[in-house]
Amino acid sequence: MGIESVLSEHRTFHPDQSFVSRANVSGMVAYEKLCTAANKNYEEFWANLARELIVWKKPFTKTLNDSNAPFYKWFEDGELNVSYNCLDKHLSSQPNKIAIIFEADNGDINNVTYKELYEKVCQFANGLKTFNLNLGDRVVIYLPMGIEAVVAMLACARIGLTHSVVFGGFSAKSIQERIKDAQAKLVITADVQFRGGKILPLKAAVDEAFILGGCESVVGNVVLKKSNDAIELKNKEVWWHELIKNQSKDCDPIYVNAEHPLFLLYTSGSTGTPKGVQHSSAGYLLHAMNTMRWTFDIKGDDIYWCTADVGWITGHTYVAYGPLAMGATQLIYEGIPTFPHGGRFWQMIEKHHVSIFYTAPTAIRSLIKASESNKESNPDTYDLSSLRLLGSVGEPINPEAWMWYYEKIGHHQCPIVDTFWQTETGGHVITPLPGATPLVPGSCTLPFPGIDAAIVDEAGHEVPWGTGGLLVIKKPWPSMIRTIWGDPERYKKSYYPEELGGKVYLAGDGAIRDKTTGYFTIMGRIDDVLSVSGHRLGTMEIESSLVSNPLVAEAAVVGKPHEIKGESIVAYVVLKGKRPEGDEAKAIVNQLRDWVGKEIGPIAKPEDIRFGDNLPKTRSGKIMRRLLRSLAKGEEITSDISTLDNPSILEQLKKTIQ
Ligand code: WTA
């Protein structure tokens, strides 16, 4: 899966004429026209879209305020309500259209129409009002995938509360850190969640988070009942169904300023604890809608399915907000791709006649593997003819996986949109438009109209096509991150670093443009952020968690390429006591893996832990991570190690403990 094979990839796939003729952006000329319009009059381009797509309570008169750059403001004197734009707007035209088809882990199906979803959101929002919170107070949502997760998010938006969703796979400690950092006033959780045929506790983690302390800001905890087991709630805790009892099914939206923080979403960076990425209301909504229209080519009769969990940005933009604001019918699935067999996704596409399907390369790779194991898991077993468009997100997709997706799932009929974006960008920034852009496997192709992406060197100078460098975005755009919650300095330093001149957004990925087509290929993070099964994790977080274990003196964590997960986690550990061997080493490996699982979440458990008497450091005491990465891959160390203080420990660190 080396980058060389991606860069030498020149197979080109043109969209079918029948797709092009119906597409929302039809043909390359139409795409270029949009780019030219954006170039010519940048602000007016976005202002026109914002007038066209958003229903405003009070129209904006100013488009971009860059007087306090890089703290940009968009449409700042406009007023709107995001939940109004997702729900009320559709009530007269399509109240009975299905908004969400929900399929539970066990296969049960539950549909809600736009009218029903509106009522659920209003009722819950009225319930939330009983906590007497103030505009902009933070609400932590820790729920399984399902209709209620979307209801909780939209109910917050309806009354101007800022949600912060925490992925259900994160630990008690992660919840506690997020509650504390956001000074959250309310927590919304469920007793349990169902995944892959298992019942997993959720509320127990919230209880533990409170015990860890620092959660004094919280005044209430709403609990959704999913299981039949009787549990007693404590003080400050209330059942979801009790909270909405006797509440009206109408709730006037609270109109907020365009820049009002719709949500915080914590994500990993290269240093420190996860940061609360703050998003706006109007600019964010605008790009969520417009990318649904241009990237996903959404139409009234589509059945759309994005498999992401609402705990990640993809689940925010392309489950909770984008599809609903566009009035689409979408499928939401509670479970995992491989339960009860590796054909679950394909079976669901057949059953629900899904026409647009959006998932992560890691899922595709694991399903390729599963497809060979039995008939049920083989996509050929299912009728996938309803599909017309496929999407990929979260990590680079290798050409082999791309081709399998194109042939086996799309039957050569469906364009694949390989969408590059980040928690911070709010929505797609580099992506094909399916009825326009010729596709090359492994390349996310060209910038979305209005996104001024470029590749620069370490000094901030643009490099020629064919030369690798740092991916940047030269102009601000409406759905961009506004700040890091509570840490504006860190926002500036991380995304607008002085070294690059302080004026361009630094994505944190390396990239290269094709010499002739100018197509972008993402080469992976330039910092210490890993993508494990499409989940973003910081090596620093894992290191701090290891070091907080009483046995550990020092730890260094790196990623290594993994056939299915994209990357897997390798940890080099120095214990306070003697370097362990044999069974003792194995026992400590298990202990440390469990420790990280508890501290951060199971997704952060290192796959490979190795012990050394020391770590390879330069004479000035810097850990040589490049060397550790080579060791993790099993590469021979050929580089000069003369600056290394203690070369002998390399031998120790070569060994994986089985
Ligand atoms: C990576 C996920 C290659 C990238 C939406 C980015 C990708 C990080 C792609 C953001 C893609 C996302 N091709 N790499 N199509 N999409 N990435 O914040 O490294 O969870 O910086 O947002 O994922 O991860 P995040």
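Just follow the structure's listing: the first ligand is 1, and inside any ligand the first atom is 1. Count residues from 1 along the sequence. Note that this is a predicted model, so its numbers are computed, not measured. No hydrogens, no waters, no symmetry mates; every other heavy atom, side chains included, goes into these values.
Assignment of W421 to the shell around ligand 1 is supported, since a heavy atom sits closer than 4.0 Å. At least one heavy atom of G394 lies less than 4.0 angstrom from ligand 1.
Ranking the protein heavy atoms by distance from atom 3 (C) of ligand 1 puts P396 N, 3.2 Å first. The closest protein non-hydrogen atom to atom 25 (P) of ligand 1 is T423 OG1, 3.5 Å. Shortest contact from atom 24 (O) of ligand 1 to any protein heavy atom: R536 CD, 3.6 Å. The shortest contact between atom 6 (C) of ligand 1 and any protein heavy atom is with D509 OD2, 3.2 Å.
Side-chain rings of H279 and H163 stay apart, their centers remaining 6.0 Å or farther from each other. Taking the six-membered ring where the residue is Trp, the centroids of Y304 and Y318 are separated by 6.0 Å or more. Aromatic pair H535/W312: ring centres closer than 6.0 Å. Separation of the Y406 and H412 ring centroids falls under the 6.0 Å cut-off. Centroid-to-centroid, the aromatic rings of H316 and Y321 stay 6.0 Å apart or farther.
Partners of A454 under the side chain to side chain contact (heavy atoms under 4.5 Å, CB included) rule, at least two apart in sequence or in another chain, are E462, V472, K474.
By the 3.5 Å distance cut-off applied to N or O atoms, R525 is counted among the residues near ligand 1. Taking distance alone, with nitrogen or oxygen atoms compared against 3.5 Å, D418 approaches ligand 1 more closely than that limit.
With ligand atoms numbered from 1 in the order given, ligand 1 contributes 5 (C) to contacts under 4.0 Å with heavy atoms of V393.
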Exercise. For K275 and D181, what are the C-alpha separation, side-chain angles and deciding distance, and is it a salt bridge (charged side-chain N to carboxylate O under 4.0 Å, His left out)?
Worked result: CA-CA 9 Å; K275 43 198 178 185; D181 188 78; over 6 Å; no
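Residue-level proximity to ligand 1 for I522 is carried by the side chain, the only part with a heavy atom below 4.0 angstrom. Looking at E395 against ligand 1, only its backbone comes within 4.0 Å, counting heavy atoms. The part of T314 lying near ligand 1 is the side chain, judged by heavy-atom distances below 4.0 Å.
Among T419, I313, D527, the residue whose heavy atom lies closest to atom 15 (N) of ligand 1 is T419.
Using a 4.0 Å cut-off between a side-chain N of Lys or Arg and a carboxylate O of Asp or Glu, K493 and E489 do not qualify as a salt bridge.
The side-chain tip of R482 does not point at the ring of Y284 from less than 6.0 angstrom away and within 45° of straight on.
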